[in-house]
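Note that ligands are numbered from 1 as they come in the structure, with each ligand's atoms numbered from 1 the same way.
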Amino acid sequence: MTLELHRLSAGYGGMDVIHDIDLIVRPREIVSLVGANGAGKSTLLKTISGLTATRSGTMTFNGKRIEAAPTATRIHYGIVHVPEGRQIFTGLSVSENLELGAFIHRHHSDEADAQRAEVVIRFPVLRERLPDVAGNLSGGQQQMLAIGRGLMSRPKLLMLDEPSLGLAPRLVTEIFELIVSLRDQGLAILLSEQNAQLSLAIADRGYVIENGRVALTGSGQELLRSRDVADRYLGVGGRIESSSAQRKNEISRRLQDLMRI
Ligand code: ATP
């Protein structure tokens with residue numbers, strides 16, 4: 001599975017928000033998108049999943065052109081988008097939310113059951129709460145449910161938009177560990193995260209998006225070491241304040257924890 005974008009542009013109304021994006025995601029890679037609020041990262045993910053129409057350029061997935069394909073077709077091919085803000089159905093049970101993620105197996109209930117069994121093994125906390133209303137889960141559990149729902153259709157490429165938003169530090173670490181383990185089990189991950197430091201630390205490669213364009217690309221480690229990236233994204237926005245040694249130590253401890261996985 002390889003996703004390849006060539007000079008991709010998209011936007012809303014009459015205006016392009018992302019411009020001439022060249023981007024590639026290969027099998028078993030974590031690719032992180034870094035950029036300020038409003039840079040166009042969510043729009044890029046929505047364009048890849050088909051929620052926002054491609055205006056120009058091409059997109060191929062496993063060699064197939066997909067820029068004009070409906071979202072449902074892209075899900076069938078293996079592209080799944082876990083949107084910002086989780087967007088689970090809070091009035092439905094955990095189990096029903098998972099079932100909705102399996103809609104592509106709707107004619108094969110055995111497949112859906114098998115996949116749900118796999119998902120709940122991965123997220124024991126969901127197994128315990130299958131009959132409960134999803135709105136009663138904690139923020140971290142709701143994020144796990146959103147990712148679990150995405151996994152129900154057996155994706156090849158999982159796109160995660162701000163998965164750590166609003167979570168306590170311990171849960172942030174858990175989410176990042178989960179992302180690494182999904183990659184290690186064979187998924188490709190495209191990750192958009194305000195927490196640039198952590199997202200680059202776990203990334204195989206990254207793209208810096210500025211004003212809807214790719215400003216810089218490189219390995220996660222290269223981007224972490226880049227002065228430009230440090231100045232712009234690893235400051236307050238990257239959740240590290242250079243004046244705060246204590247905060248830096250906390251982040252570096254979390255990173256070391258992550259690297260030990
Ligand atoms: P954030 O992390 O804040 O979501 P982002 O990098 O993901 O930032 P986008 O959400 O893609 O950025 O937004 C890029 C630009 O597109 C912004 O100027 C935003 O106001 C605009 N935009 C986003 N969604 C829409 C929409 N549905 N209609 C019109 N403009 C939109």
Original post:
Which atoms of ligand 1 are found less than 4.0 Å from any heavy atom of Glu84?
Top reply: 4 (O)
Original post:
Which of the atoms in ligand 1, numbered in the order shown and given with their element, are less than 4.0 Å from a heavy-atom of Lys41?
Top reply: 2 (O), 5 (P), 6 (O), 7 (O), 8 (O), 11 (O), 12 (O)
Subject >> Heavy-atom side-chain proximity of Glu174 to Leu178 below 4.5 angstrom >> reply: no
Original post:
To the nearest 0.1 Å, how far is atom 23 (C) of ligand 1 from its closest protein heavy atom, and which atom is that?
Top reply: Tyr12 CE1, 3.4 Å
Subject >> His81 side chain reached by Ile48 side chain, heavy atoms, under 4.5 Å >> reply: no
Original post:
Tell me, which protein residue and heavy-atom name are nearest atom 12 (O) of ligand 1, and how many Å apart are they?
Top reply: Gly40 N, 3.2 Å
Original post:
Measuring to protein heavy atoms, does anything land under 4.0 Å from atom 31 (C) of ligand 1?
Top reply: yes
Subject >> Proximal atoms of ligand 1 relative to Glu162 (non-hydrogen, under 4.0 Å) >> reply: 2 (O)
Original post:
Relative to the heavy atoms of Ala36, which atoms of ligand 1 are at a distance of less than 4.0 Å?
Top reply: 6 (O)
Original post:
Of Asp16, Asn37, Thr43, which has the heavy atom at the shortest distance from atom 11 (O) of ligand 1?
Top reply: Thr43
Original post:
Can you tell if the side chain of Glu193 reaches within under 4.5 Å of the side chain of Pro163, non-hydrogen atoms only?
Top reply: yes
Subject >> Interfacing atoms of ligand 1 (cut-off 4.0 Å, heavy-atom, Gln194) >> reply: 2 (O)
**OP:** Spell out, as yes or no, whether a donor-acceptor pair under 3.5 Å connects the side chain of Thr71 to the backbone of Ser49.
**Re:** yes
Subject >> Gln115 side-chain N/O to Ser153 backbone N/O, donor-acceptor pair under 3.5 Å >> reply: no
Original post:
Do Leu98 and Val120 touch side chain to side chain, with heavy atoms closer than 4.5 Å?
Top reply: yes
**OP:** Answer yes or no: is there an ion pair linking Glu118 with Arg122, defined by an N-O contact shorter than 4.0 Å?
**Re:** no
Subject >> Protein residue, atom and distance nearest to atom 8 (O) of ligand 1, heavy-atom basis >> reply: Gly38 N, 2.7 Å
Subject >> Protein residue, atom and distance nearest to atom 10 (O) of ligand 1, heavy-atom basis >> reply: Ser42 CB, 3.6 Å
Subject >> Candidate with minimal heavy-atom separation from atom 16 (O) of ligand 1, of Ile209, Val17, Thr52 >> reply: Val17
**OP:** Indicate yes or no: does Arg26 engage Asp204 in a salt bridge with an N to O separation below 4.0 Å.
**Re:** no
Subject >> Within-4.5 Å side-chain heavy-atom neighbours: Thr47 and Ile21 >> reply: no
Original post:
Is the closest protein non-hydrogen atom to atom 20 (O) of ligand 1 under 4.0 Å?
Top reply: no
Original post:
Relative to the heavy atoms of Ala39, which atoms of ligand 1 are at a distance of less than 4.0 Å?
Top reply: 5 (P), 6 (O), 12 (O)
